[in-house]
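Bear in mind that the values here come from a model prediction, so they are computed numbers and not experimental data. One-based numbering, in listed order, for ligands and for the atoms of each.
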Amino acid sequence: MEPTDDMTANLERKGVKPTANRILVLKALAQAARPMSMADLQDKLPTMDKSSIFRVLTLFLEHDIVHSFEDGRGVLNYELCTSEGVCNHSDTHIHFYCESCQRSFCMEDIPLPDLSLAEGFTPHSFSFVVKGECPECRKKHG
Ligand SMILES: [Zn+2]
Ligand SMILES: [Zn+2]
Ligand SMILES: [Zn+2]
């Protein structure tokens with residue numbers, strides 16, 4: 001995906017000024033089509049140093065441009081928020097973590113487990129990670 005007007009518009013809609021670095025990070029996340037860890041982003045963005053990437057991600061989290069969750073290793077992964085306007089986290093979904101290739105996958109079509117929390121507990125976010133082996137690794141291992 002090219003850094004289109006769409007991306008610039010998306011940043012502006014969420015109250016973030018579209019700078020070159022911000023567009024680079026946004027583009028990397030959009031191209032990946034799956035959640036990325038800090039290490040994945042550093043691989044994809046060799047021209048940016050770690051602290052610059054981190055600053056952009058922090059800002060993106062504050063403005064709900066990305067969501068983060070811990071993968072099966074406890075490492076934070078980042079993915080683009082799919083809500084256009086105010087995010088009510090209706091785009092929360094289950095993630096699958098492959099223990100062989102250490103990649104995370106979005107399982108957007110699987111219904112979330114029904115959470116009946118004890119009275120007085122208000123959830124702000126959910127994180128569901130299923131660990132196992134992805135189809136690619138399964139094929140390799142027979
Ligand atoms: Zn969101
Ligand atoms: Zn795998
Ligand atoms: Zn996801």
Using ring centroids (six-membered ring only for Trp), state whether His95 and Phe128 fall under 6.0 Å.
no
Just give me the atom name: the N, O or S atom of His95 closest to the Zn ion (ligand 3).
NE2
The Zn ion (ligand 2) as vertex, arms to SG of Cys134 and SG of Cys98: angle to 10°?
110°
Backbone N/O of Ser37 and side chain of Asp40: donor-acceptor pair under 3.5 Å:
yes
If the Zn ion (ligand 2) is the vertex, what is the angle to SG of Cys137 and SG of Cys101, rounded to 10 degrees?
110°
Distance-only polar pair, side chains of Tyr97 and Arg73, donor-acceptor under 3.5 Å
yes
Opening angle at the Zn ion (ligand 1) [NE2, His67; OD2, Asp64; to 10 degrees]:
130°
At the Zn ion (ligand 3), what is the angle formed between atom OE1 of Glu79 and atom SG of Cys106, rounded to the nearest 10°?
90°
Does the distance from a Lys or Arg side-chain N to an Asp or Glu carboxylate O, for Glu12 and Lys17, drop under 4.0 Å?
no
Test side chain to side chain donor-acceptor pair (under 3.5 Å) on Asn77 and Ser104 and set out the steps.
CA-CA 8 Å; Asn77 276 224; Ser104 297; 3.0 Å; yes
